[in-house]
Amino acid sequence: METAFRNVGIMGGRLEGEAVQETIEHVIGYLQANNRHVVLEQDTASAFKHHALQSCHIRQMGGATDLVIVIGGDGCLLGAGRALSKSSTPVLGVNRGRLGFLTDVSPGRLEAQLDRVLTGHYTIEERFLLDCFVTRDGEPLGNGDALNDVVLHPSHAVQMIEFDLFQSTFSGAQSQ
């Protein structure tokens, strides 16, 4: 079964790391050999100027690609998920970090797992995106968003904290 992943974005984390750079090179070559159009995230593209590939800002990748492959650790995957949350573009993580709780593809099985995803053998996992707003006496103090978790704590004293949650989804591809 062939999938609609014709335009594939690549984003790398910790680009100074040799393992990340080698994996990005490998993924670019693999995708091109499999007739996929490769789009590099602009910071990633700056580290791979020898490639004449299209590049764009991470927030624009959702409109330019059908799938985004994130090569790095869980933090890089979470950042990509936040940036792409407004699009329905799936994100696939290749683990080049330490823990790899969220990244699905192991570097040792890279081609086999990418082949499965590109031929339609994957499961979409929906994720919650949390928007956090902190106010005091009705005045905003700060805000942020999170894909995995948000930690809230008062400064020095234990106090009751009131918060509201609203649902938003993020699609991520996972190989089976």
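The basis for the numbers below is simple: all heavy atoms, side chains too, and nothing from hydrogens, waters or symmetry mates. All values reported here derive from a predicted model rather than from experimental measurement.
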- request: State, with a plain yes or no, whether a side-chain heavy atom of Lys86 is found less than 4.5 Å away from one of Arg59.
  value: no
task: Mind listing the closest non-hydrogen atom pair of Gln54 and Ala64 along with its distance?
output: NE2-CB, 4.5 Å
message: Within the structure provided, determine whether Val117 and Ile69 are in side-chain contact (heavy-atom separation under 4.5 Å).
response: no
task: Might you point out which heavy atoms bring Leu92 and Leu77 nearest each other, and give the distance in Å?
output: C-CD1, 4.5 Å
task: Mind checking the NE2-CG spacing from His26 to Leu114? Nearest 0.5 Å is all I need.
output: 8.0 Å
query: Can you check whether Cys76 reaches Met11 side chain to side chain, under 4.5 Å on heavy atoms?
result: yes
field: Heavy-atom closest contact (Gly62 atom, Leu84 atom, distance)
entry: N-CD2, 3.5 Å
message: When you compare the side chain of Thr65 with that of Val8, does any pair of heavy atoms fall below 4.5 Å?
response: no
query: With side chains defined as the heavy atoms from C-beta onward, is the minimum distance between Val38 and Val27 less than 4.5 Å?
result: no
message: With heavy-atom distances below 4.5 Å as the criterion, would you say the side chains of Phe48 and Leu53 are in contact?
response: no
Closest heavy-atom pair and its distance - Ile24, Gly12: CD1-CA, 3.8 Å
Residue pair Asn35 / Arg6: nearest heavy atoms and the distance that separates them: O-NH2, 2.8 Å
- prompt: Does Asp115 have any side-chain contact (heavy atoms from CB on, under 4.5 Å) partners at least two apart in sequence or in another chain, and if so, which?
  reply: Tyr30, Thr119
query: Out of curiosity, Ile71 CD1 to Asn95 CG, how far, rounded to the nearest 0.5 Å?
result: 11.5 Å
task: Would you mind listing every side chain to side chain donor-acceptor pair (under 3.5 Å) that reaches into residues 38-47, with sequence neighbours excluded?
output: Glu41-Thr44
query: If you measure from CG on Asp137 to CD on Glu139, what distance do you get to the nearest 0.5 Å?
result: 8.0 Å
- prompt: Hey, does His50 have a side-chain heavy atom less than 4.5 Å from the side chain of Glu25?
  reply: yes
Spacing of OG1 belonging to Thr135 relative to CG belonging to Leu141, to within rounding of 0.5 Å: 7.0 Å
query: To the nearest 0.5 Å, what is the distance between NE2 (His51) and CG (Leu40)?
result: 7.5 Å
task: Supply the atom-to-atom distance Ile10 CD1 to Ser55 OG, rounded to the nearest 0.5 angstrom.
output: 12.0 Å
